[in-house]
Each structure stands twice: as C-alpha cells, then as structure tokens.
Amino acid sequence: MAKYFLIIFTTAVIFRFWQLTTYPVSLTMDEVAIGYGSYSLLMTGRDDWGQALPIAFRSVGDYKPPVNFYLNVPPIAFLGLNEFSVRFPVALISSLTILVFIVFLRRLGLSSTKSIWGGFWLAILPWHVHYSRYGLEAITALYFLIAGIACWLTAQSKKSHYWLALSIVNFSLSVWAYHSNRFFVPLLVIFFIITFRNQLTFIFNSKKMLLIQAAIFLVFSGPFLWLTFTSEAIKQRAAMTSILRESGLLLTLHRGQYSSLSQRIFDNDWFLIFHHWLGKYINYFDLRFWFWKAMDFSPPGYPDSGLLYFVDIPLFVLGILTLLKSQNKFLKTLALFWLFTGPLASSFTMNEQHTLRTLVWLPFFGIVIASGFTNKILIIYLLPLILNIAYVKDLYIHSLPRHFSEYWQYGFKQAAVYACDHKDEYDRIIISPTFGSLGPLLTGIPDYYVLFYCKYPPLKYMYTKKIDKFDFTRVDWKNQLDQGGKALLISAKWDYPNLTPPPDRTLKRIDYFNESPAFYFVTTHN
C-alpha cells in the first residue's frame with residue numbers, strides 16, 4: 001500500500017510543481033495581495049493595513065480568509081518573497097490532498113483498489129491541478145474538508161474523542177479558509193449529525209472530553225461569529241458576490257412597482273429572483289460543463305476541458321451504476337447529498353458555472369469515479385487517458401497563455417521590476433491600473449505588484465498606503481509634460497492621443513502572448 005501512496009503522491013507533485021512559476025503565466029491579483037500580506041506578517045507581525053495578527057485580512061475592496069496568509073509565512077521566511085514561495089504552500093497541500101482523499105474513500109467503504117485509483121484520478125484531474133498551481137484558498141479549504149470527513153468517519157468507527165476533535169479542527173479550518181465552505185460545511189455537519197445520531201452517543205460518556213470538544217468548537221467558531229456580527233469582514237464578501245447584484249436579474253425586477261394584481265402574484269420579485277437562481281443552479285448540471293467546456297483554457301466556441309477528462313464519461317456512468325447497486329446505504333446517501341448541495345453556494349453568487357467556487361463539489365465526482373474503477377476498464381481507460389492528458393496539457397501551456405494572458409494580469413510583473421530597477425532615474429513613476437488588448441476594459445492593482453516585486457518595506461506602506469515616487473492612475477500625457485521633471489509612464493496605448501505613444505520617447509513595450517501590445521514604457525524626456 002505504501003508504494004502506491006508514494007507513486008501517486010509523486011505523480012501529484014509532478015503535475016503540480018512542474019514549471020510552477022511559469023504556468024499560469026503571471027501571479028494573479030489575489031496571489032500578490034496574499035503574498036505581500038504574508039511578507040508583512042513576517043516582517044512586522046501585522047498585515048499591510050497595520051492590523052496585528054488579524055483573523056480576516058483586509059484587501060483591495062474586500063476581506064480575505066486568513067489561512068493562506070499564515071501558511072505562506074514559512075516559505076517566504078525560508079525562500080524569500082517570490083513567485084515560488086507564494087505558490088508552494090497550495091501546490092504542496094493539494095498534493096497531500098490526494099493521500100487524504102485515498103483514506104477518505106477507504107473510510108467510506110470502498111475497496112483498496114478503488115481508493116488507490118480514485119487517488120490517482122485526483123492526482124491528474126485538470127480541475128484540481130489547475131487551481132493547485134496558483135495560491136488560492138479553495139484548494140486549502142478542500143484539503144481540510146476531506147481531512148475533516150476522514151477524521152469524522154474514523155471517530156465514529158473507533159468511538160474516539162481524539163479523532164472527533166481532529167474532525168472539528170479540520171472542518172473549522174475549512175470554514176476559515178474559503179468562502180464557499182462557510183456555506184457547505186455547516187450543511188455537511190448537520191447531515192452527519194442526523195445520519196450518525198445513534199452512533200454519537202459515545203461523546204457523552206466522558207464529561208471531560210465533551211467539554212474539550214466544546215472548547216475546540218468555541219475557539220474556532222467564536223471569532224467567526226464575532227466577525228460576522230461586528231465587522232464587514234464576513235458580510236462584505238457575501239454582498240460583493242451576491243446573485244442580487246447581477247445585471248441580468250436587476251433589469252427584470254419590478255422593485256414593488258407592479259402593473260397588475262396578476263403580476264404581483266405570478267411575476268413578483270421573489271419569483272423572479274427564484275427563477276433566476278434556479279436557472280444558475282441547474283446550469284451546473286450541464287454535462288458539457290462536467291466533461292467538455294468548463295476550465296476556459298480556450299476561447300468560446302473552441303474545444304476545451306471540462307471539470308473532468310472527457311474519457312472519464314464511461315467511468316462516471318459505471319460508477320453511477322455501481323452506486324445504485326451498492327449495499328452501502330451511507331455511501332449512496334452521501335453521494336446524493338453532495339450531488340445536490342455541492343454547487344449550491346456557488347449558485348447564489350455572480351458568474352455562471354464558477355469552477356473555483358464549486359471545488360467543494362469535487363469529492364462527489366471522486367466518489368462516483370472511484371466506484372466505477374475495475375481492472376477490466378483500466379485496460380481500456382489508460383491509453384485514451386494519456387491522449388486526453390496530452391490534449392489538456394497542450395491547451396494549458398499554449399492556448400491558455402495565448403488567449404488569456406491579459407486576464408492573468410500579465411505585464412504588471414515586468415512593469416514593477418523595470419520601474420523598481422530604474423526608479424532612481426526618475427522624479428515620478430506612474431503605472432496605469434487600466435489595460436486590455438481590446439480597450440481599457442480591465443482594471444488591476446499594479447501597486448501590489450510593485451510592493452511584491454520590489455519587496456517594499458511594509459512599515460513604510462501600511463500606514464501611508466503610498467509608495468515613494470509611484471502613482472497608480474490613468475496616464476494623462478499632456479498633463480505629465482506640463483508638470484515638468486522626468487517621469488516614467490507605464491500604461492496601455494489607450495492612455496495616449498490617437499492611441500499611439502510617442503515613438504521617440506518609448507523605451508520598451510511588453511506584449512501579451514497573442515502578440516498584441518500590453519504596456520508601453522514611456523519617458524517624458526528624451
């Protein structure tokens with residue numbers, strides 16, 4: 001068994017760590033914000049807003065969960081503030097998730113063979129691999145969720161207070177790690193309590209252990225409830241991503257202004273909101289989303305990758321049939337519960353078929369796929385799988401960078417590094433937050449890229465929110481000339497008259513992977 005764990009773990013590490021700092025092509029806004037926040041913690045014991053050891057990290061426009069900030073501190077301490085140290089914790093945790101997932105499947109009653117192959121499936125799954133390669137909280141939350149369930153099931157079988165305590169810790173960390181899990185985990189725990197109500201009586205056998213369990217729960221839940229009712233840290237994120245902000249819904253609402261009684265009864269705002277939500281929820285069950293078009297590795301209208309590999313379809317069907325015939329009632333009930341509740345949290349938010357917010361749904365697919373594995377089907381499955389992996393890899397390293405590099409904030413790293421290297425040559429440096437190959441349609445946070453890549457001292461930044469010599473605003477070419485002095489201007493072409501930066505003062509140009517211009521580096525003096 002140990003050798004299979006090692007082989008699968010090695011496979012997971014290869015898929016997640018191979019050229020980790022190259023693909024995806026740039027650190028995202030979240031990655032540089034979390035990375036610099038962790039760097040500030042390391043250097044000062046405070047976040048970049050001056051809050052000492054916070055349990056909710058204020059960021060640009062919202063608050064971020066705390067778990068990844070603290071996880072990033074050790075690698076930054078040992079490896080420095082760089083791309084690898086920011087991506088390393090999530091890549092490692094996601095690799096460990098595969099091992100925990102195998103244990104999880106065994107605790108659910110699947111055979112060793114099915115559990116091992118289920119772990120192998122997760123090790124190479126594009127849905128999990130993609131999000132494991134950049135430092136996002138959902139992967140961390142998924143690890144703690146799966147670990148929490150494995151500990152819970154172990155606690156029930158062994159009547160163990162120790163394992164029950166570990167399950168509480170893991171469930172709590174999952175809630176603290178990512179927003180969607182704050183909705184799903186309580187539902188799952190309620191489901192478990194109802195399902196195992198007769199087996200849970202062992203926790204009352206020892207008052208001391210019961211008090212310890214309650215204390216652990218209060219340690220994690222108390223601060224969360226306090227934040228919920230006393231600050232914007234929890235509520236703000238929910239409000240920002242709420243389905244109620246979607247323009248497609250807002251345009252249909254009557255806002256109490258009904259033209260007739262029938263409209264008030266049959267077409268009222270509550271019905272319109274429910275209808276809009278139901279459409280979003282049902283869209284998550286589109287089989288094309290599951291197997292063909294989900295990950296956005298290619299432009300609309302082109303073949304893509306689903307949440308699962310296309311060749312997983314026969315395994316998935318076989319897994320469903322196997323579950324229907326299974327005598328394991330708990331496994332079937334859990335799979336059914338997860339099928340319908342997995343996409344629930346995501347359906348209440350903006351954006352259609354959000355693959356990151358639905359990561360909490362992943363174990364359902366893993367249960368089904370693992371149930372479908374047999375030695376016979378593996379012989380048929382492996383060759384098409386290799387071809388499917390090669391196809392998805394090609395999409396990932398060629399199509400995704402070429403068509404979507406601007407959406408990954410590509411160019412801000414180069415802008416920050418160049419500006420920091422040459423800042424002594426200029427009186428002021430302006431980096432525009434507005435960019436895009438088709439127009440000034442996208443907005444970024446170049447200030448955090450400068451903070452990150454220049455390793456700007458957190459104590460200088462946290463109270464002033466300013467960076468010496470830098471300003472982050474749209475470039476006004478005429479105004480910059482009138483101001484005098486020597487300035488470095490970094491922006492897209494949209495900030496210049498006739499969309500053309502002056503050639504005689506253009507020092508450098510950064511292009512996106514599709515060869516369209518991203519940023520021009522222009523000086524106000526020849």
Side-chain angles (χ1 to χ4, degrees), residues 26-37 39-40 47-50 57-64 81 83 86 240 405-437 439-497 499 501 505-510 512 517-525:
S26 172
L27 293 185
T28 63
M29 294 187 289
D30 287 334
E31 285 180 288
V32 292
I34 292 173
Y36 188 74
Y39 179 66
S40 181
D47 67 3
D48 50 286
W49 292 84
F57 283 75
R58 185 178 176 184
S59 189
V60 181
D62 69 350
Y63 286 83
K64 296 188 181 302
L81 181 61
E83 294 159 348
V86 169
M240 285 181 60
S405 58
E406 63 188 280
Y407 298 99
W408 287 84
Q409 314 290 305
Y410 182 81
F412 277 138
K413 170 190 173 179
Q414 292 83 346
V417 171
Y418 183 91
C420 291
D421 289 344
H422 297 272
K423 65 180 179 180
D424 293 337
E425 302 169 21
Y426 297 94
D427 300 309
R428 61 188 183 279
I429 299 171
I430 297 178
I431 303 179
S432 174
T434 305
F435 61 99
S437 60
L441 306 175
L442 303 174
T443 301
I445 52 172
D447 44 337
Y448 271 87
Y449 285 86
V450 172
L451 291 169
F452 184 94
Y453 285 104
C454 300
K455 298 179 178 62
Y456 196 78
L459 279 175
K460 290 184 66 176
Y461 177 74
M462 65 176 58
Y463 297 115
T464 65
K465 311 310 290 182
K466 294 184 181 298
I467 305 174
D468 293 343
K469 287 192 176 183
F470 283 85
D471 196 8
F472 303 94
T473 185
R474 293 289 296 271
V475 167
D476 185 331
W477 174 245
K478 184 178 183 305
N479 181 54
Q480 290 300 322
L481 288 176
D482 293 342
Q483 280 190 39
K486 189 176 182 181
L488 172 64
L489 313 176
I490 303 176
S491 70
K493 64 183 180 180
W494 316 109
D495 289 352
Y496 292 92
L499 307 183
R505 300 189 183 185
T506 300
L507 306 172
K508 185 178 179 179
R509 191 182 94 178
I510 298 294
Y512 295 120
F519 294 99
Y520 291 87
F521 298 59
V522 179
T523 180
T524 55
H525 279 60

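Residue numbers count from 1 along this sequence.
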Colleague: I'd like to check the salt bridge (charged side-chain N to carboxylate O under 4.0 Å, His left out) partners of Lys460; sequence neighbours left out, ordered by chain and number.
Modeller: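 Listed in chain order: Asp468.
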Colleague: Checking Tyr463 now: which residues fulfil side-chain contact (heavy atoms from CB on, under 4.5 Å) with it, not counting sequence neighbours?
Modeller: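 If we apply the side-chain contact (heavy atoms from CB on, under 4.5 Å) test to Tyr463, skipping adjacent residues, the hits are Arg46.
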Colleague: Taking ring-ring contact (aromatic ring centres under 6.0 Å, His included) as the test, write out the residues that go with Tyr496, two or more places apart.
Modeller: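 Tyr496 satisfies ring-ring contact (aromatic ring centres under 6.0 Å, His included) with Trp477 only.
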Colleague: Assign the ring pair Tyr410 / Tyr512 to parallel, tilted or perpendicular, where the plane angle (0 to 90°) is split at 30° and 60°.
Modeller: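 The arrangement is tilted - the two ring planes meet at 30° to 60°.
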Colleague: Mind running side-chain contact (heavy atoms from CB on, under 4.5 Å) on Ile34 and Val86 for me, showing each step along the way?
Modeller: CA-CA 8 Å; Ile34 292 173; Val86 169; 5.8 Å; no
Colleague: Taking side-chain hydrogen bond (donor to acceptor under 3.5 Å, both in side chains) as the definition, give me every residue that meets it alongside Lys465, ordered by chain and number, with sequence neighbours left out.
Modeller: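 Lys465: no side-chain hydrogen bond (donor to acceptor under 3.5 Å, both in side chains) contacts found.
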Colleague: Does Asp30 have any side-chain hydrogen bond (donor to acceptor under 3.5 Å, both in side chains) partners at least two apart in sequence or in another chain, and if so, which?
Modeller: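 Applying side-chain hydrogen bond (donor to acceptor under 3.5 Å, both in side chains) to Asp30 gives Lys64.
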Colleague: Should the pair Phe412 and Tyr449 be assigned to parallel (<30°), tilted (30 to 60°) or perpendicular (>60°) ring geometry?
Modeller: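 Plane angle between 30° and 60°, so tilted.
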Colleague: Can you list every pair that meets salt bridge (Lys or Arg N to Asp or Glu O under 4.0 Å) and has a residue in residues 443-455, with sequence neighbours left out?
Modeller: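 The answer is none; no pair qualifies.
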Colleague: Taking the side chain from Trp494 and the backbone from Leu441, do they hold a donor-acceptor pair closer than 3.5 Å?
Modeller: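 Side chain of Trp494 to backbone of Leu441, a donor-acceptor pair under 3.5 Å: no, none is there.
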Colleague: side-chain contact (heavy atoms from CB on, under 4.5 Å) for Leu451 and Tyr39? Distances and angles first, verdict last.
Modeller: CA-CA 10 Å; Leu451 291 169; Tyr39 179 66; over 6 Å; no
Colleague: Do side-chain atoms of Thr524 reach the backbone of Ala487 as a donor and acceptor pair under 3.5 angstrom?
Modeller: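 Judged by distance alone, yes, a pair lies under 3.5 Å.
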Colleague: What residues, two or more places apart in sequence or in another chain, satisfy side-chain hydrogen bond (donor to acceptor under 3.5 Å, both in side chains) together with Tyr426?
Modeller: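 Partners of Tyr426 by the side-chain hydrogen bond (donor to acceptor under 3.5 Å, both in side chains) criterion come out as none, since no residue qualifies.
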Colleague: Spell out, as yes or no, whether a donor-acceptor pair under 3.5 Å connects the side chain of Ser26 to the backbone of Trp408.
Modeller: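 Checking the backbone N and O of Trp408 against the side chain of Ser26, a donor-acceptor pair under 3.5 Å is found.
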Colleague: Just jot down the ring-ring contact (aromatic ring centres under 6.0 Å, His included) partners of Phe57, sequence neighbours excluded, or say none.
Modeller: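 If we apply the ring-ring contact (aromatic ring centres under 6.0 Å, His included) test to Phe57, skipping adjacent residues, the hits are Phe69, Tyr70.
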Colleague: Of all residues at least two apart in sequence or in a different chain, which pass the salt bridge (charged side-chain N to carboxylate O under 4.0 Å, His left out) check with Arg505?
Modeller: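 Testing Arg505 for salt bridge (charged side-chain N to carboxylate O under 4.0 Å, His left out), a comparison that skips the adjacent residues, returns none.
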Colleague: Once you measure the plane-to-plane angle for Tyr461 and Tyr456, does it fall in the parallel (<30°), tilted (30-60°) or perpendicular (>60°) bin?
Modeller: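 Because their plane-to-plane angle is over 60°, the rings of Tyr461 and Tyr456 count as perpendicular.
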Colleague: CD1/Ile431 to CZ/Arg474 distance, rounded to the nearest 0.5 angstrom?
Modeller: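 So the CD1 of Ile431 and the CZ of Arg474 are separated by 15.0 Å.
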Colleague: Check this for me: Lys466, atom NZ, are more than 12 non-hydrogen atoms of other residues, nucleotides or ligands nearer than 6.0 Å?
Modeller: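 No, the 6.0 Å shell around NZ holds no more than 12 heavy atoms from other groups.
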Colleague: Under the side-chain hydrogen bond (donor to acceptor under 3.5 Å, both in side chains) rule, collect the residues that match up with Thr523, sequence neighbours excluded.
Modeller: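 None.
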Colleague: Could you give the distance from OH (Tyr418) to CG (Leu507), rounded to the nearest 0.5 Å?
Modeller: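 Nearest 0.5 Å value for the OH-CG distance: 4.5 Å.
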Colleague: Scan residues 413-434 for pairs that pass salt bridge (Lys or Arg N to Asp or Glu O under 4.0 Å), counting only residues two or more places apart or in two chains.
Modeller: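 Residue pairs passing salt bridge (Lys or Arg N to Asp or Glu O under 4.0 Å), neighbours aside: Glu83-Lys413.
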Colleague: For Glu406, which residues count as a salt bridge (charged side-chain N to carboxylate O under 4.0 Å, His left out) partner, sequence neighbours excluded?
Modeller: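 If we apply the salt bridge (charged side-chain N to carboxylate O under 4.0 Å, His left out) test to Glu406, skipping adjacent residues, there are no hits.
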